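Data first, discussion second: the structure below is written as structure tokens.
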Amino acid sequence: MSGGYIEIAVSEVHAARNSMRDALIALYDALESGEAMDPAFRRLIYSEILGAREEAAVLTALLVNAKPDASSAKR
């Protein structure tokens with residue numbers, strides 16, 4: 001595939017991972033500085049993380065079974 005779609009997708013995945021990391025670090029810092037977190041909010045964060053992990057697993061499985069890349073197609 002040409003046109004840079006793969007490069008854009010990889011960049012978006014990287015940015016999303018960094019964004020989630022930054023958000024979790026900010027939450028950690030807030031808790032460490034003494035801010036209180038409602039248990040319902042803590043459950044919401046946990047659910048979001050679990051959902052992201054599940055979605056990533058499903059989408060990764062789709063990618064693994066996608067059409068072969070150009071290097072393996074030549075074999």
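None of these values were measured; they are calculated from a predicted model.
Residue Arg21 places its CZ atom among more than 12 non-hydrogen atoms of other residues, nucleotides or ligands, all under 6.0 Å distant.
No continuous path of ILVMFWY side-chain contacts below 4.5 Å connects Val13 to Ile6, so the two sit in separate hydrophobic clusters. No continuous path of ILVMFWY side-chain contacts below 4.5 Å connects Leu59 to Ile49, so the two sit in separate hydrophobic clusters.
A distance-only check finds no donor-acceptor pair linking the side chain of Ser11 to the backbone of Glu7 [under 3.5 Å].
Atoms CG and CG, on Asp22 and Leu27 in that order, are 11.0 Å from each other to the nearest 0.5 Å. Expressed to the nearest 0.5 Å, how far CD1 of Ile25 lies from CD of Glu32 amounts to 12.5 Å. The distance from the CG atom of Leu50 to the CD1 atom of Ile45 is 12.5 Å, given to the nearest 0.5 Å.
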